[in-house]
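Notes to accompany the following structure.
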Amino acid sequence: MLQVQAIRESKNEFITALKKRNIDAAPLLDKAIALDDKRRETQTQLDKTLAESNTLSKEIGMFFKTGKAQEAKVLKEKTGVLKEESKVLSDTLASVAEELQALLYQIPNIPHDSVPAGNTDEDNEEIFAEGDVPELVSNALPHWELAKKYDIIDFELGVKVTGAGFPVYKGKGARLQRALISYFLDKNAEAGYTEIQVPHLVNEASGYGTGQLPDKEGQMYHVGEDDLYLIPTAEVPVTNLFRGEIVKEEQFPICYTAYTPCFRREAGSYGAHVRGLNRLHQFDKVEIVRVEHPLKSFEALDGMVEHIKNILRELKLPYRVLRLCGGDLGFTSVLTYDFEVFSTAQDRWLEISSVSNFEAYQSNRLKLRFKDKNGKSQFAHTLNGSSLALPRVLAGILENYQVEDGIEIPEVLIPYCGFSKID
RNA sequence: GGAGAAAUGGCAGAGUGGUCGAAUGCGGCAGUCUUGAAAACUGUUGAGGGUCACACCUCCGGGGGUUCGAAUCCCUCUUUCUCCGCCA
């Protein structure tokens, strides 16, 4: 969430920037400032009342010690009144603070200067493209047909066991998927990311920490009996490792990578673009997460983009990089680059990675800080990106690497797979 | 799942109703000594809010209560440890 102090300092800039998200933020920001004024005023009054009460209590103690019970009794009556007052004040404070918090949760992050205005993915800005679209055989198939033909992914079996959107990977399909996971993790480790394994279920506080709660509640699977959520991305457990932490400045950059399955209810999504691996309830993803010094976070973002480009280059997949427009930008993000692979057989772009800088928006919720050189603590910046999301990379490989009598395996993956062709 | 014990500052560990934000040790930082380092000695060292800076307020696992006053008493939740049971 935004810091009230920042809202006070840059209200007009924020209003202008939030227009790119098609939001008229003026009333929200004004209300936040007004609530914060009220909060501070109440806090001051409460502090005064408590200070008085503390002083009197000490005096009472002294009177008791010196046997002056009568004097103590008089003061006790006074503190009784102060107690009533402070009760009222602290109730007011709690409710004002809660209201302010709820309001701040509703205000999205401030888009970066470079973010284009716009409403939908149509308005995203292509900033880079690379790789040749392969010439495919005349009877090229989409991946769900290929999956059936070579018996490497079974969607029906998944339906039987669980439901739609939970595919079963078989044989070389399963092996290829595992190869991709290992390959991605190795590439990330090579680039300086520390590999970690994290829980796949998180508690409510973690959901709030990274911003999935309260606004995307319906997108997560919730285990009611234990009040836990299945993670929609490794971002949630990995970033929450730092919840409430004060890190040392010299620890920067903090770079982690983790493989996890991801669970998404995808409530409300429908249409022709959800076939096969395009949209699933459970899928695998390798994530990279960074915690950075505020002055270094955009440099870090660029580094992450370059890193992912390198991977796609090695896989020899045609891809492009988009800068998301205000309307398509995630709630908590300042700047997001999406990577898309071109699927020749489907004749469309498939999103395979999303790389974002959240600046201090998550840190403020997480209370993730560092000590600067002056010994002051300030919020760190958090970033994350997919490196990469498996199903669509798999779809891209299956479709773009198909030949007359099978599917070839990208060269870099052969050592991981132990075979060079699916047939 | 059953029984018992515990939760205090970066760590260890005192503190069972008032002067305790908290002894002491270790660690960290600064200084003295030293060519330099180590040792020794001296000083300093939690977080948040608030202030120009002070003052002041809050925090001893979380929440609630008793009291004029709570780290200390009561309730509750969570977590950890030990023993037993079960088990990948």
Side-chain angles (χ1 to χ4, degrees), chain A residues 1-9 32-101 103-104 197-209 213 223-229 237 240-252 254 260-261 291 360 362-380:
Chain A
M1 61 188 171
L2 298 176
Q3 294 162 259
V4 180
Q5 193 52 40
I7 296 176
R8 284 180 189 279
E9 282 164 12
I33 292 172
L35 279 171
D36 190 52
D37 284 339
K38 179 99 189 277
R39 201 207 90 229
R40 285 160 81 155
E41 185 192 316
T42 312
Q43 178 81 60
T44 307
Q45 268 183 287
L46 176 63
D47 283 359
K48 268 192 202 157
T49 311
L50 288 174
E52 204 175 329
S53 177
N54 286 344
T55 310
L56 290 180
S57 287
K58 276 181 191 151
E59 283 175 31
I60 291 170
M62 292 304 287
F63 282 134
F64 271 125
K65 268 203 177 143
T66 50
K68 296 178 181 164
Q70 190 53 39
E71 285 87 339
K73 202 180 163 197
V74 175
L75 289 186
K76 267 197 194 183
E77 279 166 28
K78 272 195 192 172
T79 53
V81 176
L82 290 172
K83 207 180 170 189
E84 289 295 316
E85 282 177 21
S86 61
K87 177 93 176 89
V88 172
L89 284 168
S90 70
D91 286 350
T92 309
L93 182 65
S95 76
V96 171
E98 197 181 323
E99 201 183 336
L100 176 60
Q101 169 119 324
L103 179 71
L104 289 174
Q197 296 190 353
V198 290
H200 299 168
L201 283 94
V202 293
N203 57 29
E204 192 181 47
S206 293
Y208 276 95
L213 296 174
V223 183
E225 192 156 7
D226 297 296
D227 199 16
L228 296 172
Y229 295 85
N240 272 282
L241 296 175
F242 296 96
R243 174 150 47 84
E245 296 292 318
I246 299 177
V247 302
K248 295 207 170 62
E249 192 170 354
E250 54 269 25
Q251 283 178 261
F252 293 134
I254 296 170
T260 68
V291 180
Q362 288 184 330
S363 302
N364 189 16
R365 287 198 184 184
L366 292 160
K367 302 297 170 231
L368 162 52
R369 290 159 295 181
F370 71 98
K371 289 257 193 215
D372 65 21
K373 297 208 165 59
N374 303 319
K376 283 272 179 193
S377 49
Q378 49 171 303
F379 289 119

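All figures in this text were calculated on a predicted structure; none of them were measured in a lab. Residue numbers start from 1 in every chain, and the chains themselves are labelled A, B, ... in the order their sequence lines are given, proteins ahead of strands.
- Under the ring-ring contact (aromatic ring centres under 6.0 Å, His included) criterion, Phe242(A) pairs with Tyr256(A), not counting sequence neighbours.
- Residue whose closest nucleotide on RNA chain B sits further toward the 5' end, between Lys371(A) and Gly61(A): Gly61(A).
- Residue-level contact check: Lys367(A) touches neither bases nor backbone, having no heavy atom under 4.0 Å from any strand.
- For Pro199(A), the side chain to side chain contact (heavy atoms under 4.5 Å, CB included) test picks out no residue, with sequence neighbours left out.
- Nearest heavy atoms, Met1(A) versus Lys367(A): CE-NZ, 4.1 Å.
- Between Leu93(A) atom CG and C59(B) atom P the separation is 13 Å, expressed in whole Å.
- Between the CD1 atom of Ile246(A) and the C1' atom of G48(B) there is a distance of 9 Å, given to the nearest Å.
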At a cut-off of 3.5 Å, list every protein nitrogen or oxygen paired with a nitrogen or oxygen from nucleotides 56-58 of chain B, distance to 0.1 Å.
from, atom 1, to, atom 2, distance (Å)
C57(B), OP1, Asn54(A), ND2, 3.0
C57(B), O2', Asp47(A), OD1, 2.8

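- Glu85(A) pairs by the side chain to side chain contact (heavy atoms under 4.5 Å, CB included) definition with Thr49(A), Val81(A), Leu82(A), not counting sequence neighbours.
- Ser363(A) and Arg369(A) are not linked by any side-chain donor-acceptor pair at a separation below 3.5 angstrom, with hydrogens and angles left out of the test.
- Tyr229(A) is linked by a ring-ring contact (aromatic ring centres under 6.0 Å, His included) to His222(A), counting only residues two or more places apart in sequence or in another chain.
- Across the P atoms, G21(B) and A71(B) are found 8 Å apart, a figure rounded to whole Å.
- The nearest whole Å value for the distance from the NZ atom in Lys87(A) to the C1' atom in U67(B) is 15 Å.
- Taking a pair to require two hydrogen-bonding distances under 3.5 Å in either a Watson-Crick or a G-U wobble arrangement, A22(B) remains unpaired.
- For the P atoms, the distance from G46(B) to A30(B) is 16 Å, rounded to whole Å.
- Between Phe370(A) and Phe379(A), the closest heavy-atom pair is CE2-O, 3.6 Å.
- Straight-line distance between the C1' atoms of A23(B) and U8(B): roughly 12 Å, to the nearest whole Å.
- Spacing between atom CG of Asn203(A) and atom C1' of U79(B) amounts to 13 Å, rounded to whole angstrom units.
- Rounded to an integer number of Å, the gap from CD of Gln3(A) to C1' of G49(B) is 15 Å.
- Among C68(B), A47(B), U51(B), the nucleotide with an atom closest to any side-chain atom of Arg40(A) is U51(B).
- Across all strands shown, U82(B) is found opposite A3(B) as a Watson-Crick or G-U wobble partner, with both distances under 3.5 Å.
- With a cut-off of 3.5 Å on both Watson-Crick or G-U wobble distances, the partner of C87(B) is given as none.
- Between Arg369(A) atom CZ and G48(B) atom P there is a gap of 5 Å when expressed in whole angstrom units.
- Checked against ring-ring contact (aromatic ring centres under 6.0 Å, His included), Tyr208(A) has the following partners two or more places apart in sequence or in another chain: Tyr105(A).
- Using C1' as the reference atom, G9(B) and G4(B) are 29 Å apart when rounded to the nearest Å.
- Atom name C1', nucleotides A37(B) and U32(B): the rounded distance is 15 Å, in whole Å.
- Nucleotide G27(B) forms a pair with U45(B), judged by Watson-Crick or G-U wobble geometry with both contacts under 3.5 Å.
- Summarising the base pairing, A40(B) is matched to U32(B) through a Watson-Crick or G-U wobble pair whose two defining distances lie under 3.5 Å.
- Of the P atoms belonging to A55(B) and U72(B), the separation is 26 Å, rounded to the nearest Å.
- Pair check for A53(B) finds none; no Watson-Crick or G-U wobble contact set falls under 3.5 Å.
- Going from the P atom of A6(B) to that of C57(B) covers 33 Å, rounded to whole Å.
- Rounded to whole angstrom, the span from the CZ atom of Arg243(A) across to the P atom of G62(B) amounts to 15 Å.
- A straight line from CD of Glu204(A) to C1' of C77(B) spans 15 Å, rounded to a whole angstrom.
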